[in-house]
Asker: 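Dropping a structure here in structure tokens format, bear with me for questions.
Atoms within a ligand are numbered from 1 in the order they appear, just like the ligands themselves.
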Amino acid sequence: MGLTIRPRRLRANEQLRKMVRETRMDKSSLIYPMFLVEGENIKEEIPSMKGQSRYSVDRMGEKLEELAEAGVMAVMFFGIPGKKDEIGSVAYAQDGVVQRAFAKARRDFPQMYLIGDVCLCEYTSHGHCGVLCGQDVDNDRTLELLAKTAVSQAQAGADMVAPSDMMDGRVAAIRAALDREGYAHTPIMSYAAKFASAFYGPFRVAAESAPAFGDRKTYQMDFHNRREAIKEALLDVREGADIVMVKPAMAYGDLIREIRERVDIPVAAYSVSGEYAMVQAAASAGYIDSERVMCEMEASAYRAGADIYITYFAQELAGCIDRGMIG
Ligand code: PBG
């Protein structure tokens, strides 16, 4: 047999497979998204996301402790306010749920890196990501409110802000406001290529943020588009984004790769609620092994070029890394 090249030589055992592994992961680039709800003594399971809970500020420490124990040291906060209005005013209220969460987490968990999702959809009565003008969002008026939201989060103790609204010009508006208010060193992770996706369904149950009418297609991207995703990422870089994100992750690996090659800043991938819910549902039906699947999903994002992975499985993945299932 004249076979000179035998790829299987390097697959002979686990030690060798690990030595020649092309993609390496560690816990320091995992971010866990967390839902904070108004009220007291609340830890309630999210029906659409079995295994995930919404916490009131007084009980969020339980989860933060577990995360820290597992070695997940970065979280992203989403607030679910007690009252919503047309202009999402709790999003930028100094005593808003997320602002109080930042202040407390800052005190109780100084070593945790705290990121704020900046958007209005959880806070508006109509569920859209900006203020309305007729049936559409008023892009430019929304920018002011997003900037106020970002500043209020930084004031409350957020280390980083992550605008997810997809309005044009929001990164520039937020950068200018942060700089003006003395937060020139607060990084912006922009949801740069964020698609109008059915994969967000379970999140909208969790955050009570489904739009009351219409959809988000006038601001989130059309999933058929590749060039436009690059355009959005480059635009955000030009406006001052420090990290750009692709969202969802699993069905968008091509864009993670493409954007990774086109920008010189870190690229984050957000494995969204629908990805989480599908894995949980299939695993509870006994069809798949959830741990092995989540490991493959994580590796696929990094293999595609992601530097950071945002996932509801962060704690479980940290365990998989510890046990050598992935790494
Ligand atoms: C807010 C926001 C959404 C998600 C993150 N930020 C929902 C949406 O755009 O409808 C989705 C996250 C997920 O599905 O896990 N705009």
Side-chain angles (χ1 to χ4, degrees), residues 30-36 46-54 75-81 84 88 90-92 97-98 115-124 126-131 137 139 142-143 145-146 149-150 153 158 160-168 170-171 174 188-223 232 243-252 268-281 294 297-298 301 308-314:
L30 290 174
I31 298 174
Y32 178 70
M34 193 164 164
F35 301 98
L36 284 321
I46 301 164
S48 55
M49 300 174 71
K50 291 263 179 299
Q52 298 297 313
S53 297
R54 315 196 300 183
V75 289
M76 180 149 76
F77 283 172
F78 291 91
I80 303 152
K84 306 184 185 227
V90 178
Y92 36 90
V97 57
V98 108
I115 306 169
D117 178 86
V118 173
C119 194
L120 299 187
C121 65
E122 300 108 86
Y123 302 91
T124 52
H126 44 76
H128 279 284
C129 300
V131 286
V137 287
N139 190 94
T142 299
L143 297 184
L145 303 182
L146 293 168
T149 304
Q153 293 185 357
M160 179 189 280
V161 292
S164 66
D165 53 282
M166 286 301 277
M167 298 302 128
D168 293 335
R170 78 274 172 70
V171 174
I174 290 171
I188 299 174
M189 173 165 67
S190 78
Y191 288 65
K194 175 173 176 180
F195 289 85
S197 171
F199 282 103
Y200 310 151
F203 173 98
R204 292 180 188 171
V205 175
E208 297 166 2
S209 66
F213 64 87
D215 53 39
R216 304 208 200 289
K217 290 182 182 167
T218 73
Y219 39 102
Q220 298 180 349
M221 285 183 50
D222 180 347
F223 61 77
E232 283 280 8
I243 299 171
V244 284
M245 187 201 298
V246 175
K247 176 182 172 201
M250 189 164 57
Y252 295 78
Y270 192 152
S271 177
V272 300
S273 57
E275 299 177 41
Y276 174 85
M278 288 194 305
V279 174
Q280 289 298 63
M294 72 178 81
M297 286 165 64
E298 181 187 12
I308 294 167
Y309 192 52
I310 304 165
T311 172
Y312 302 96
F313 283 125

Asker: When the ring planes of Tyr191 and Tyr270 are compared, do they come out parallel, tilted or perpendicular, using 30° and 60° as the limits?
Answerer: tilted

Asker: Have a look at ligand 1 and work out which part of Tyr312, if any, has a heavy atom under 4.0 Å from it: side chain, backbone, both or neither.
Answerer: side chain

Asker: For Ala196, check side chain to side chain contact (heavy atoms under 4.5 Å, CB included) against everything at least two apart and list the hits.
Answerer: Lys217, Gln220

Asker: Could you check atom 5 (C) of ligand 1 against the protein and tell me its nearest heavy-atom contact, residue, atom and distance included?
Answerer: Lys247 NZ, 2.7 Å

Asker: With a 4.0 Å heavy-atom cut-off (strictly under), which part of Asp165 contacts ligand 1: side chain, backbone, both or neither?
Answerer: neither

Asker: Heavy atoms only, cut-off 4.0 Å: how does Cys121 contact ligand 1, side chain, backbone, both, or neither?
Answerer: side chain

Asker: What atoms of ligand 1 come within less than 4.0 Å of a heavy atom belonging to Asp117?
Answerer: 6 (N)

Asker: Please work out which of the three classes, parallel, tilted or perpendicular, describes the rings of Tyr276 and Phe313, given edges at 30° and 60°.
Answerer: tilted

Asker: Considering only heavy atoms, does Ser164 approach ligand 1 within less than 4.0 Å through its side chain, its backbone, both, or neither?
Answerer: both

Asker: If we only count N/O pairs under 3.5 Å, is Gln220 in contact with ligand 1?
Answerer: yes

Asker: For this output row, return yes or no: ring centroids of Phe203 and Phe35 closer than 6.0 angstrom.
Answerer: yes

Asker: Please list the nearest protein heavy atom to atom 2 (C) of ligand 1 with its residue and the distance rounded to 0.1 Å.
Answerer: Lys194 NZ, 3.3 Å

Asker: Report the residues that fulfil side chain to side chain contact (heavy atoms under 4.5 Å, CB included) with Ala277, sequence neighbours left out, ordered by chain and then residue number.
Answerer: Pro202

Asker: Taking distance alone, with no angle check, do Ser209 and ligand 1 share an N/O pair under 3.5 Å?
Answerer: no

Asker: In terms of residue, atom name and distance, what is the protein heavy atom nearest to atom 12 (C) of ligand 1?
Answerer: Phe203 CD1, 3.3 Å

